[in-house]
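When reading the values below, keep in mind they use all heavy atoms of this one structure, side chains included, and skip hydrogens, waters and symmetry mates. Below, chains carry the letters A, B, ... as their sequence lines are ordered, and counting in each starts from 1. On a predicted model such as this, the values are computed, not experimentally measured, just so you know.
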2 protein chains.
Amino acid sequence: MNDTNPSLAIHTAVALFTIRERLEFLCLDQGRLPMAVLEAGEGLEASARRALGVATGIEDVFLEQLYTFDGGRDGPQATVAYYALAPCEQLPISRPGVGWADPADAATRLHNDHRIIVQRACERLAGKLEYAPIAYQFLAERFTLGELQAVYEIIGRQALDKRNFRRRIQASAHLVETHDVRRNGCHRPARLYRLRDTQPMIARSPVRP
Amino acid sequence: MNDTNPSLAIHTAVALFTIRERLEFLCLDQGRLPMAVLEAGEGLEASARRALGVATGIEDVFLEQLYTFDGGRDGPQATVAYYALAPCEQLPISRPGVGWADPADAATRLHNDHRIIVQRACERLAGKLEYAPIAYQFLAERFTLGELQAVYEIIGRQALDKRNFRRRIQASAHLVETHDVRRNGCHRPARLYRLRDTQPMIARSPVRP
DNA sequence: TAGGGTTGGTGTATGAATGACACAAACCCA
DNA sequence: TGGGTTTGTGTCATTCATACACCAACCCTA
């Protein structure tokens, strides 16, 4: 029942992204992303979550399938890659062998096959930013428009006009204004917003690849 | 070396679409899409092409990975789904057990897991139509603007204004005008166009899922 | 060979969305 | 109390999207 033939296996791999000043991904010291071997009776997404849980202790994050790569050198093999997004506050990861890296450094930090995963994930992130509410996955439940704009600027790699950005966001109607503000420094406090709770959360196959 | 344990397998499945008046997909009489079991040393895309070749005899078509599904009842299993596009002229398929079906009838023609593949493929097709030059995959090398518009209307499921459509297409600069026309019926002949040959052909992971 | 039927091909005017741009408000700190 | 910093707001110009009508070229039939 338990087939352990190493030449035939389905792997899952996860690129977990967060934003702390810059966009960063979670990287194991061996130059790999968190991975798992798919077990009997286990779903692919469950396997990916398990991989992430083993490496980091967290499992409750946004997770979406990215692409499936063939690793077939010795036998029929496939690696189903996922990407995950989480706000950095939720990530008290301080385990040995686990760290963060800049996607631009992926080439030096990761083995080839995993480098491609990170690169593709960045591309999809930037593309999807424009039409899907994924930016919110990097933020806490309540956030300021300034924080949201920073996410868009970091992922989209370009500065945005504050007024035009706010107009665009308000028009998308994803947000609701709360009655609270956040005092964050020696300046005017910022109003807090949250995602409209009727927001259907999407974690499906891309419609627009 | 040759592992034939049926409880651990990687499958590929292909939904081949074409347009003949309507959008249609290729459907085997057993209510399945063309499939293959990934072999040792075989790439995923190669496996999908093989599946299509076995069922139809053709292999040289646009093919893109769609999504990977887990079929894990008895063991670790995965089905990597692809979708393929081809002009109907290239498809002289008249084999027993192979036919065409309307995606709207997929529910009655296909088993559940394959129905989802067709449905997702239709969604991606419609989404991708707007920003990627996939419509040309349904046309011969040279085609008229009327034919191209028909493809857009069928996949996008809405009628388009002729003049606005033409302006949009001309603006995209994907096309070059040829010096020939096609006489097609009892009306004015239509100018023939072809894809600009410097067009980088994309068959990659979706950037915008 | 003339006229009717059919599809191919073209321009303009209006409203909507986008992009550029500057200044006062609120807070903290010195 | 004044300087520094981020929040928050409106307008104008340009571009983009939409709606819309007629002649051209061909084939077929009478």
Side-chain angles (χ1 to χ4, degrees), chain A residues 19-22 126-127 129-133 135-136 138-140 142-194 208, chain B residues 19-22 126-127 129-133 135-136 138-140 142-194 208:
Chain A
I19 291 184
R20 310 185 302 182
E21 309 288 319
R22 309 254 162 254
L129 190 67
E130 293 164 14
Y131 71 97
Y136 308 100
F138 290 105
L139 298 170
R142 304 204 303 173
F143 49 87
T144 70
L145 292 182
E147 291 167 345
L148 183 62
Q149 182 174 348
V151 172
Y152 274 83
E153 290 180 331
I154 288 168
I155 298 179
R157 294 169 161 276
Q158 61 176 341
L160 300 173
D161 178 85
K162 199 200 309 184
R163 281 167 293 190
N164 294 340
F165 175 77
R166 288 162 118 90
R167 184 180 32 189
R168 209 175 93 197
I169 293 296
Q170 308 273 357
S172 79
H174 288 313
L175 294 192
V176 288
E177 195 173 317
T178 72
H179 295 300
D180 300 329
V181 294
R182 174 182 298 160
R183 248 175 298 270
N184 218 4
C186 45
H187 53 77
R188 179 173 175 174
R191 167 130 281 132
L192 289 171
Y193 292 79
R194 62 175 176 78
R208 292 217 203 167
Chain B
I19 290 184
R20 311 185 302 181
E21 309 288 319
R22 308 254 162 254
L129 191 66
E130 293 164 14
Y131 70 97
Y136 308 101
F138 290 105
L139 299 171
R142 305 203 303 173
F143 49 86
T144 70
L145 293 183
E147 292 166 344
L148 183 61
Q149 182 174 347
V151 172
Y152 274 83
E153 290 179 330
I154 288 168
I155 298 180
R157 295 168 161 276
Q158 62 177 342
L160 300 174
D161 178 85
K162 199 202 304 185
R163 281 167 292 189
N164 294 339
F165 175 78
R166 287 162 118 90
R167 174 158 29 122
R168 209 175 93 198
I169 293 295
Q170 307 274 359
S172 80
H174 287 313
L175 294 193
V176 288
E177 195 174 320
T178 72
H179 294 301
D180 300 330
V181 296
R182 173 182 300 159
R183 249 175 298 271
N184 218 4
C186 45
H187 53 77
R188 178 173 176 175
R191 167 129 282 132
L192 289 170
Y193 292 79
R194 61 175 177 79
R208 291 216 203 168

Would you mind reading off the distance between [X] atom [atom1] and [N] atom [atom2], rounded to a whole angstrom?
{"X": "A:Phe165", "N": "D:dG8", "atom1": "CZ", "atom2": "P", "result": "12 Å"}
{"X": "A:Asp161", "N": "D:dT9", "atom1": "CG", "atom2": "P", "result": "14 Å"}
{"X": "A:Lys162", "N": "D:dG10", "atom1": "NZ", "atom2": "C1'", "result": "14 Å"}
{"X": "B:Asn164", "N": "D:dA21", "atom1": "CG", "atom2": "P", "result": "13 Å"}
{"X": "A:Arg166", "N": "D:dG10", "atom1": "CZ", "atom2": "C1'", "result": "13 Å"}
{"X": "A:Gln149", "N": "D:dT7", "atom1": "CD", "atom2": "P", "result": "9 Å"}
{"X": "A:Glu147", "N": "D:dT6", "atom1": "CD", "atom2": "C1'", "result": "12 Å"}
{"X": "A:Asn184", "N": "D:dT7", "atom1": "CG", "atom2": "C1'", "result": "11 Å"}

If you apply the rule side-chain contact (heavy atoms from CB on, under 4.5 Å), what do you find for A:Tyr193 with A:Ile169, and how did you get there? CA-CA 11 Å; A:Tyr193 292 79; A:Ile169 293 296; over 6 Å; no

Between B:Arg188 and A:Arg183, which is nearer to the 5' end of DNA chain C once each is assigned its nearest nucleotide? B:Arg188

Side chain of B:Arg167 (C-beta onward), nearest among D:dA25, D:dG8, D:dA17: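 The listed nucleotide nearest to B:Arg167's side chain is D:dA17.
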
Please pick, from D:dC27, D:dG10, D:dT7, the nucleotide with the shortest atom-to-atom distance to any side-chain atom of B:Cys186.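 Output: D:dC27.
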
Between [Y] and [X], is there a side-chain heavy-atom distance shorter than 4.5 Å?
{"X": "B:Thr144", "Y": "B:Leu192", "result": "yes"}
{"X": "B:Phe138", "Y": "B:Ile155", "result": "yes"}
{"X": "A:Gln170", "Y": "A:Leu145", "result": "yes"}

Check the orientation of B:Tyr136 and B:Phe143. Use parallel for under 30°, tilted for 30 to 60°, and perpendicular for over 60°. tilted

Can you tell me if the side-chain N/O atoms of A:Arg191 get under 4.0 Å from OP1 or OP2 in D:dG8? no

Would B:Glu147 and B:Ile19 count as a side-chain contact (heavy atoms from CB on, under 4.5 Å) here? Give the steps. CA-CA 11 Å; B:Glu147 292 166 344; B:Ile19 290 184; over 6 Å; no

Need two values: the first and the last nucleotide of DNA chain C, 5' to 3', having an atom under 4.0 Å from any heavy-atom of chain B.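 Contact boundaries, 5' end first: C:dG5 to C:dT12.
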
On DNA chain D, does the nearest nucleotide to A:Thr144 precede the nearest nucleotide to B:Arg168 from the 5' side, or the other way round? Give the residue. A:Thr144

Closer than 3.5 angstrom, by distance alone: can the side chain of A:Glu177 be matched with the main-chain N or O of A:Arg191 as a donor-acceptor pair? no

